[in-house]
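Here is the structure we will look at, set down as structure tokens.
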Amino acid sequence: MNRIQKFFAKLKGLLVHRFFQVLLFIILGVFAYGLMFSNVKPERVQVELFKPAEQTIRSTKTVEDTYKTEQEKEEIAKQVADVYSLKKEYAKNKVDLISSIFDTAIEVKKETDPDNEHIKDGEKENKKETLKTDAQKVSILKEKLTDEVNKNIEESVFLALVQADEDELKIARDSTITAVNNVMSNRIAASDVENAKKKVVEELGYMSISSDMKKASNSLARTAIIQNVFFDKDKTEEQRRKAIESVEPIRILQGQIIVEENQLVDRDVYRQLELAGFVNTESTIYPYIGLLLFIVLTFAAFYYFFTFSISKKENKYNQLLIFSLVFILSMAMMKTISILADMKNSNLEYIFPVAMSAMLIKILLNDKLAVAMIILLGSYGTIIFNGDTPGNLDISMGLYIIFGGLTAILILSRLNFKSKVLVAGLLLSLINMAFVFSLIFMMDGHYTRMEYLYYAVAAIGSGVGSAVLTMGLLPFFESGFGILSSMKLIELSNPNHPLLRKILIEAPGTYHHSVMVANLAESACEAIGSNGLLARVGSYYHDIGKTKMPHFFIENQMNGDNPHDRLQPETSRDIIIAHAVDGGEMLRSHKFPKEIVDIAEQHHGTTLLKFFYHKAKKQDDATLEDAYRYPGPKAIMKEVAVIGIADSVEAAVRSMQHPTPDKIEELVSFIIQERIQDGQFDECDITMRELSIVKHSLCESLNGIFHSRIEYPELDKLGQKVKE
């Protein structure tokens, strides 16, 4: 174990204690806080009233300009016209009044006129005796009317009413009512009353009645015309309230230029600077508290995940350390690039390798942690890349980091890209470029051709840089933490690997057997959601120990001579059992990953060498069964358990005469049940349901390999001739 491995082993030993786990998260939080401190530190600028500004100042937050908002509300309220309501009942009231006056005059006429045809002859004689004068008739008419009406009607009108005959009164009544109704149906403001009275007189000018009656009608009609439109205070206030409520608050927007360099700072500009907090001499701690809360919340979530969501302690501490290192590295790179971008006043941040952390975590750990890392870096990136403008959040950069990281995870999820990180980086570059252009197009920015070229180069540099850094850092993490990555597995699966060539040359039968087991185990592991690639590569090397004495294993005995026929059972036992132990030692000496070594040592578990045990039992009935069992240990990983089953199944099916699907299924079921009853899966967390899936997968694969073949008569005849 090298120094780096020893160092990380000590760290993992410390992380066993809860105190050091919490301490690590505190250190990460302090590190993140220190990097982002300057990005939330309130900015103070030197400005004086009625003097030119020394620099262009942009608002760091969105605030409401209450003074301008109130001014706008007052202006809108002034523009709302007074509301006047039409009193429609006034027209009806005046029409009824005029009608009542004329009807009363007709009634008086009937009562005092002895020539009225409706009065009986006897009554006419009495009326003649009590004949009334015009003055008396006027007096009677007034008595029938109210004092208020009498007060508003001229004396000449009363006289004309009592002197006119009944028909004339009816004509005058109808004409006057019609004229008054027509005029009063229109809106008549106080200033329009006189014009309305003139209009009603004009409408009465065409009546065919006496001049005195016409004058009386005109007078009554003029008296009836009054103002019918009045100021409505409640409706006016309601309209003004609605107008005021419709006024949108006037805001100083985040990023808005308040004053440009060398522009005079007048009272209005100074007031806006005060609202935005640039001339406030009092220091505030709210930005620091906000950043602290944000960091505490994010790391509390990750602490919960690492503490309660990862069951295996070995994986937990490895993942925690790797996650922490990748986080520190990514944050340091982000801060460095943001500082350089501020110094050069350019959009250098788009060259940040957004996918590096996602690729590393995806390859070294898993998809979930890779997604979590990208979300964390994306959220922190909105703060770090805000151009040291407190209060600003560069949302576009956050989206760029998250989109690029998620895209990298999706690309690497395709099997053919796992060993082609650089190719994945090139593909990511094109996608990054498209995404950057989508952002700048949506923001409707006006850029020159050189600026567009710069953005394209930055996006390509981000993708390629992510791939290059990933490939450069992977060996460090793999060697430091002893991690078996997909890239490492693909490297070990290369047929030109020295140990694979050793198997092929020295034990070709074993090599063929290993390839067959690899095919079976990979499919079965993928069916239950385990690491199929690990199963394949582990199967290639699981019998590497047989290369020490290849001819003592039946698959390599091409000439049919079996040396075990001449050996004692215990000698044969030692040779067969040794291949698991020797395989582990050979793989360790070549510095193979622990998982591959475990597969070589554990694929037989503590199973019994039945053939040699029964042979020994015949020679000595006191032979103990434990003496003919593999030393183990039993399978710990699911992949080892599946490889052990596939190893036995492949050898058994290969020795069958004319295997059929039913025979294959029966054999696979027997081998699995035998291992369950023998307790070979006691140390492994594989379930019965998963074993059922493994059985189904193995049967499918074996049926495909040992399918029945069509017999060709011509070839049979040819073969017969050759024999003859």
Side-chain angles (χ1 to χ4, degrees), residues 507-540 542-543 546 553-558 560 562 576 579-580 599 602-614 630 634-635 637-681 684 686-712 715-716:
T510 298
Y511 180 85
H512 178 265
H513 162 72
S514 298
V515 172
M516 296 291 288
V517 172
N519 293 332
L520 296 173
E522 181 182 37
S523 299
C525 282
E526 289 180 351
I528 62 173
S530 294
N531 192 336
L533 184 59
L534 172 60
R536 169 171 286 278
V537 178
S539 297
Y540 287 159
H542 79 288
D543 279 341
K546 291 181 179 180
F553 297 90
I554 193 168
E555 66 265 24
N556 299 311
Q557 296 167 5
M558 303 301 180
N562 190 344
I576 299 299
H579 88 273
I599 290 172
Q602 299 174 13
H603 71 281
H604 283 294
T606 59
T607 55
L608 178 66
L609 284 170
K610 291 183 179 180
F611 179 82
F612 296 109
Y613 168 69
H614 291 300
Y630 281 93
K634 295 178 181 179
M637 299 186 299
K638 292 181 182 180
E639 292 82 0
V640 180
V642 173
I643 290 171
I645 296 171
D647 182 41
S648 298
V649 165
E650 195 279 333
V653 173
R654 183 160 34 86
S655 63
M656 290 177 65
Q657 295 292 330
H658 305 294
T660 64
D662 291 338
K663 289 182 179 180
I664 291 174
E665 183 176 358
E666 184 180 353
L667 177 64
V668 174
S669 298
F670 173 77
I671 290 174
I672 293 176
Q673 286 300 322
E674 187 180 41
R675 290 205 168 214
I676 293 173
Q677 293 170 4
D678 198 27
Q680 296 303 314
F681 304 134
C684 181
I686 194 167
T687 65
M688 295 299 294
R689 180 177 179 275
E690 288 172 333
L691 287 172
S692 177
I693 296 172
V694 168
K695 168 191 166 183
H696 180 72
S697 174
L698 291 175
C699 289
E700 279 191 343
S701 300
L702 289 168
N703 288 330
I705 296 171
F706 297 100
H707 62 277
S708 58
R709 304 178 184 277
I710 299 174
E711 295 183 1
Y712 296 95
L715 292 179
D716 290 342

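Hydrogens, waters and symmetry mates play no part in the numbers below; they use all other heavy atoms, side chains included. As the structure is a prediction and not an experimental result, all values here were calculated from the model.
To the nearest 0.5 Å, atoms CG (L698) and CG (L667) are separated by 10.5 Å. In this structure, C525 SG and L533 CG are separated by 10.5 Å, a value rounded to the nearest 0.5 Å. For the atom pair E650 CD and S701 OG, the distance stands at 12.0 Å (nearest 0.5 Å). To the nearest 0.5 Å, atom CD of residue E526 and atom CZ of residue R536 are 8.5 Å apart. To the nearest 0.5 Å, the span separating CG on N519 from OG on S514 amounts to 11.0 Å. Put simply, CD1 on I554 and OG1 on T510 are 11.5 Å apart, with the number rounded to the nearest 0.5 Å.
For E555 and H512, the side-chain atoms include no donor-acceptor pair closer than 3.5 Å. Between the side chains of E639 and N531, no donor-acceptor pair of N or O atoms lies under 3.5 Å.
Looking at every heavy atom in both residues, V653 comes nearest to P659 through CG1-CB, 4.4 Å. Considering all non-hydrogen atoms of both residues, T606 and D678 come closest at O-OD2, 4.3 Å. Between C684 and A641 the shortest heavy-atom distance is SG-CB, 4.2 Å. Here the shortest heavy-atom pairing between I643 and G538 reads CD1-C, 4.3 Å. For A527 against S697, the heavy-atom pair with the smallest separation is CB-CB, 4.3 Å. Between L702 and V649, the shortest heavy-atom contact is CD1-CG1, 3.1 Å.
In this structure a side-chain-to-backbone donor-acceptor pair under 3.5 Å is present from H579 to I576. Judged by distance alone, with hydrogens and angles left aside, the side-chain atoms of H513 form no donor-acceptor pair with the main-chain N or O of G509 at under 3.5 Å.
Among pairs with a residue in residues 657-668, none fulfils side chain to side chain donor-acceptor pair (under 3.5 Å), at least two apart in sequence or across chains.
A heavy-atom distance below 4.5 Å is not found between the side chains of D543 and Y511. Side-chain contact between N703 and E700 is absent, with no heavy atoms from C-beta onward closer than 4.5 Å. Counting heavy atoms from C-beta on, the side chains of R654 and M516 never come closer than 4.5 Å. The shortest side-chain heavy-atom distance between S669 and K695 falls under the 4.5 Å cut-off.
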- Task: Could you please spell out the steps behind the side chain to side chain contact (heavy atoms under 4.5 Å, CB included) verdict for S648 and R675?
- Result: CA-CA 10 Å; S648 298; R675 290 205 168 214; 3.0 Å; yes
- Query: Does the side chain to side chain contact (heavy atoms under 4.5 Å, CB included) test come out yes or no for F681 and L691, once each step is laid out?
  - Reply: CA-CA 10 Å; F681 304 134; L691 287 172; 4.0 Å; yes
- Would you please test T687 and I528 for side chain to side chain contact (heavy atoms under 4.5 Å, CB included) and show each step? CA-CA 10 Å; T687 65; I528 62 173; over 6 Å; no
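More than 12 heavy atoms of other residues, nucleotides or ligands shown are found within 6.0 angstrom of CD1 on I676.
By the 30° and 60° cut-offs, the orientation of the rings of Y630 relative to H604 is parallel.
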